[in-house]
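Because the structure is a prediction, the values reported are computed rather than measured. Below, chain A is the first sequence line, B the second, and so on; all start at residue 1.
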2 protein chains.
Amino acid sequence: MASRTKHPPFAVTVDAVVLTIRAQRLHALVVTRGGEPFQGQLALPGGFVHVDEDLDTAARRELVEETGISVRGSHIEQLGSYGRPDRDPRMRTVSVAYLAVVPDLPEAVGGDDAADAHWHPVTWLLARRGRLAFDHRDILRDGLERARSKLEYSAIGTSFCPPTFTIAQLRQVYEVVWGVKLDAGNFHRKVTGVRGFVEPTGKKATPEVGRPAELFRRGKNNSLHPALTRTSLS
Amino acid sequence: MASRTKHPPFAVTVDAVVLTIRAQRLHALVVTRGGEPFQGQLALPGGFVHVDEDLDTAARRELVEETGISVRGSHIEQLGSYGRPDRDPRMRTVSVAYLAVVPDLPEAVGGDDAADAHWHPVTWLLARRGRLAFDHRDILRDGLERARSKLEYSAIGTSFCPPTFTIAQLRQVYEVVWGVKLDAGNFHRKVTGVRGFVEPTGKKATPEVGRPAELFRRGKNNSLHPALTRTSLS
DNA sequence: CCAAAAGTGTTCTTACTACACCCATGG
DNA sequence: CCATGGGTGTAGTAAGAACACTTTTGG
């Protein structure tokens, strides 16, 4: 890092792509903007980083403040930074984007000063330009792609599930996020065969219909070997 | 992104992990810092982003200015952002880090105002704390890990090679970066079998000794299916 | 009994491993 | 001829795909 050049001042923000599965569809969390610019439009939850605050901390704080969602125990990771000079009409801004994955929460959305936060299907949010403020459509697209690819080789899929879950629930995560149908038998064998991916709890789910499924919790391993492949399983 | 909070001013920099292979070892590009802080210490090449400049553009510009290296045609991608509040003693700074991979250049290092830029073995640079300024050791570590994992499923390995190369050269990239020995025969079959990874040129290399190898150039595909796996090959 | 979903068995096929072996060149 | 690395053949094995089949519940 050179120190010879004078440095222009930037604003630094964090924005989060928060994904969950509701009603068999992948949803993302968005807020309605209260002020200019892009007033009234949808945007990813986020805000300015404080002076003495770490980037990760800022992402978690903004999420709680704007949407009431705490990602304690859930998955959160940095997605990338977005700094096109014209991305914010007010000033030069760089946004550090995060990806978070949470279970389907019982509508616990709407935090302290969250005017309103809503879940919307990702496909709908991405459908046309201008639906999201700033470059948030690009960020959402990248977050979706990150989640899709990380399903292959990491245990991120379990973050969509409650603390204990059935293999069928986990399979549905893969089916919804990848948009494919998977063979139930092969999927069961696969995920229970990868060491440290899921651990049996000994308990059983009590379904409306059909044989009760065994309940699992997420395992210690976050990386899957061998990976599940998006192209192969069905 | 909320606009209700006042935003503190940040400095935004770009820093680059530039990797190449020299003398059978993985090397990274570093500069010696001319000014405070960390004067005289080694650092990754980088500098402040200009007011009207895209982040990617800034990374490329700083690389040319500080080291004389142009990544035209080479691989460059964003690695992540580093913004610990105490990472720069002068002011609050966020650095957007990039990973670049270049062929072994004929010592073309040392640009306009590059006091001096040097290649050093990555293992040596990472060996102990304090060898690199700021949090550049963390960034270098992350860049190395990114390169290692991307060898598996992307064609990034060809970026270490000149425009045309033999399969043995490409194999050496994998061996050096992963720190393993690979079976020459299986590797050859594998990489020539993945569609769009490498394309034959019809020409032959003229080695000191042994049978001349066919020369290839990189193919169109940047993603490898099926992937090479770090654990399997050998 | 039937319906429905969970989970297992079985066969086919693909792709990686190990390693033997032949090929093309220089000396 | 030999040495050296380039490249292919081949047999064994691991793992995914497809799909039949059994298990366990509720009604």
Chemist: Just compare D:dG7, D:dT4, D:dC19 and give me whichever is closest to any side-chain atom of B:Val209.
Modeler: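 Shortest atom-to-atom distance from the side chain points to D:dT4.
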Chemist: Under 4.0 Å between a Lys/Arg side-chain N and an Asp/Glu carboxylate O for A:Glu145 and A:Arg230?
Modeler: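 Counted as a salt bridge, because a side-chain N and a carboxylate O are separated by less than 4.0 Å.
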Chemist: Please tell me which of the listed nucleotides, C:dT17, D:dC19, D:dT24, lies nearest to the side chain of A:Pro212?
Modeler: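 Nucleotide nearest to A:Pro212's side chain: D:dT24.
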Chemist: Rounded off to whole Å, could you give me the CZ-to-P distance for the A:Phe187 and C:dG7 pair?
Modeler: 12 Å
Chemist: What is the distance, to the nearest angstrom, from the CZ atom on B:Arg195 to the C1' atom on C:dA15?
Modeler: 18 Å
Chemist: Output the single nucleotide from C:dC19, C:dA24, D:dG7 whose closest atom is nearest the side chain of B:Asp183.
Modeler: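 From the listed options, C:dC19 comes nearest.
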Chemist: For the pair made of CG in B:Asn186 and C1' in C:dC21, what is the distance, rounded to whole Å?
Modeler: 14 Å
Chemist: Tell me if the aromatic rings of A:Tyr174 and A:Phe187 count as close, with their centers under 6.0 Å from one another.
Modeler: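 A:Tyr174 vs A:Phe187: aromatic centres under 6.0 Å.
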Chemist: Please determine whether a side-chain nitrogen or oxygen atom of B:Arg171 lies at a distance below 4.0 Å from atom OP1 or OP2 of D:dG6.
Modeler: yes
Chemist: Less than 3.5 Å between a donor and an acceptor, one on the side chain of A:Arg211 and one on the base of C:dA6, is that the case here?
Modeler: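 Such a pair exists between side chain and base.
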Chemist: Between D:dG9, C:dT10, C:dG7, which one does the side chain of A:Ala213 approach most closely?
Modeler: C:dG7
Chemist: With a 4.0 Å cut-off on heavy atoms, is A:Pro207 in touch with a base, just the backbone sugar-phosphate, or nothing at all?
Modeler: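 A:Pro207: no heavy atom of the nucleic acid under 4.0 Å.
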Chemist: Write down the distance between CG (B:Leu170) and C1' (D:dG6), rounded to a whole number of angstrom.
Modeler: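 Checked: the CG to C1' distance equals 15 Å.
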Chemist: For B:Ile167 and for A:Gly210, locate the closest nucleotide of DNA chain D by heavy-atom distance; then report the residue assigned to the nucleotide nearer the 5' terminus.
Modeler: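 Its nucleotide being nearer the 5' end, the pick is B:Ile167.
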Chemist: Report yes if a side-chain nitrogen or oxygen of B:Lys190 is closer than 4.0 Å to either non-bridging phosphate oxygen (OP1 or OP2) of C:dA15; otherwise report no.
Modeler: no
Chemist: Determine: side-chain N/O of A:His188 to OP1/OP2 of C:dT8, distance under 4.0 Å, yes or no.
Modeler: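 So the side-chain polar atoms of A:His188 do come within 4.0 Å of the phosphate oxygens OP1 or OP2 of C:dT8, strictly under.
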Chemist: What is the minimum heavy-atom distance between A:Ala155 and A:Thr158, and which atoms define it?
Modeler: O-OG1, 2.7 Å
Chemist: Which heavy atom of A:Thr67 sits nearest to which heavy atom of A:Ala117, and what is that distance?
Modeler: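 Heavy atoms only, the tightest pair is CG2-CB, 3.9 Å.
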Chemist: Over how many whole Å does the gap from A:Lys204 atom NZ to C:dA5 atom P extend?
Modeler: 17 Å
Chemist: Within the side chain of B:Arg131, is there an N or O that forms a donor-acceptor pair under 3.5 Å with the backbone of B:Trp124?
Modeler: yes
Chemist: What is the distance, rounded to the nearest whole Å, between atom CZ of A:Phe165 and atom P of C:dA5?
Modeler: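 Interatomic distance, CZ of A:Phe165 to P of C:dA5: 20 Å.
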Chemist: If you look at every strand shown and take non-hydrogen atoms under 4.0 Å, does B:Ala184 touch a base, only sugar-phosphate, or nothing?
Modeler: nothing
Chemist: Using whole Å, report how far NE2 of B:His225 lies from C1' of D:dG16.
Modeler: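 Distance, rounded to whole Å: 15 Å.
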Chemist: Rounding to a whole Å, what distance do you find between A:Glu208:CD and C:dA3:C1'?
Modeler: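 Value for this atom pair: 14 Å.
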